[in-house]
Amino acid sequence: MAKLKRDERVCPFCAETIKASAIRCRYCQSDVIPVVEPAPEPEPTAETDPTPETESDDVSEPDTVVEESPAAPAAPSAPKRAVPTVQAAAFFLQERLTLVLAALVVLAAAGVGVAWYQAQQGSSQVAPDGTLVGADARTQVLVAAADLTQRTLSYDYKTLANDMEVARARMTPSFRKEYESTMAQVRANTTKNKIVLEAVVVSSAIIDSTEHKATVLVFVNQTTTAGDGKDKNQQLNRNSLVINLTRAEGEWLMSKLAALG
Amino acid sequence: MTDRKSLINIVLAVLLVALLGWLVLFAVRGDVAAPGSTPAEEQAQVLADIERAARAETLAFLTIDHTKMDELTERVLDGATGSFKKQYQSSLKTLKESATSQESFSTGSVAEIGLSEVDADSASVFVAAGSKVKNKGTKGEVEDRAWRIKLTMAKEDSRWLVSQLEFVG
């Protein structure tokens, strides 16, 4: 068998000698990957075609095919034999690359599909912007706001310690401090003047609510009774309050109370 | 053929990058990454629509200018329905007359507005509102008034309208 020339190689499919830059074997018509010689790039020769894609290169020039070249006598045959192996490896890699890419695309598409499905199905209680939309969850906020407002704004001089304890139980630590300092100021007066405060919540309505924080508008009618018997003195205040609630361990706590106007 | 193969690879790679980018969007921004709107998103939109309609109607109701009562009352009627619309319509003549004779001005404002019960086609809204009033009765002085208002909303042809307006005692 004739030795391979510099610009020749063996077809990995039929083992016939073909041009190194060929993209299709002229014997078996298999698609092959062109091998471009890495060595001397500067002067492009007619033999190593830098544009192997051209279809005209499909069939090699017949006059240069089997010519024994004395110019390249001791061309090492080892790397030449390696060419088919390297080429085959590259070929398989490319083949597999497509496969790997296709598999990854399928996986990513499945991931997107799952996330999309969850977005459609899940979390019907909370909108993407955090707004609490679940009807039951919103009702809980309304009820908690009314309940906590009545607890905080109602007390009787006869049961003051107990009433305060009831109110304190559902407050955030910082609001509890505020509440305690306020109550410390009114305590003496409450006992002395026999004051009874009774708050009745007329309505509660959500200004803004997420799962963890809520701002609620509460209309409350507060009756203040001072003294008893003949000296009884009553006063009714109709107030609009803005209540802030914070959820901790599944329970709504009062974190702020402010009167409007 | 090899060309076609590398073209396929490029297309697959681009597709992969796009899908991974979308997944990252899901991870970072949550459900917003899903095209279209989720039921929760739609409900949040409903709540916002109700609030906007209630606010607009409250302001329209509290705004009085004796020089352009026709225009102002038309605006109120546009956002009204049911018994509120009937009531307002029947008192329209008296309202216009008293506004003219009293030379009334009133500017409404909404301090806070909150939603109570919300159903598919009805809702109740509470408003802490105020108005700056000036008329012959106030002797040219501007008086501040505060109101606690309950609005009952009804959905009609995809629009939220006020079907009842009450002052909360």
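Residue numbers start from 1 in every chain, and the chains themselves are labelled A, B, ... in the order their sequence lines are given, proteins ahead of strands.
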Under a 4.5 Å heavy-atom cut-off, does chain A meet the side chain of B/F26, its backbone, both or neither? side chain

Suppose a student defines contact as a heavy atom less than 4.5 Å from any heavy atom of chain A. Which residues in residues 68-83 of chain B would they list? none

Residues in residues 161-169 of chain B near chain A [non-hydrogen atoms, under 4.5 Å]: B/V168, B/G169

Testing A/T152, A/T149, A/L217 for side chain to side chain contact (heavy atoms under 4.5 Å, CB included) with A/L241, which one passes? A/T149

Between A/L197 and A/L153, is there a side-chain heavy-atom distance shorter than 4.5 Å? no

Max heavy-atom pair count under 4.5 Å with chain B, selected residue of A/G111, A/S209, A/A135, A/A108: A/A108

Heavy-atom distance under 4.5 Å to chain A: side chain of B/I8, backbone, both or neither? side chain

Under 3.5 Å side-chain donor-acceptor pair for A/S154 and A/E198: no

Are side-chain heavy atoms of A/C25 and A/C14 found at a separation under 4.5 Å? yes

Which portion of A/L107 sits near chain B, non-hydrogen atoms under 4.5 angstrom: neither

What residue in A/V106, A/T131, A/V112 has the most heavy-atom pairs under 4.5 Å with chain B? A/V112

Chain A heavy atoms under 4.5 Å from B/A146: which part of the residue, side chain, backbone, both or neither? neither

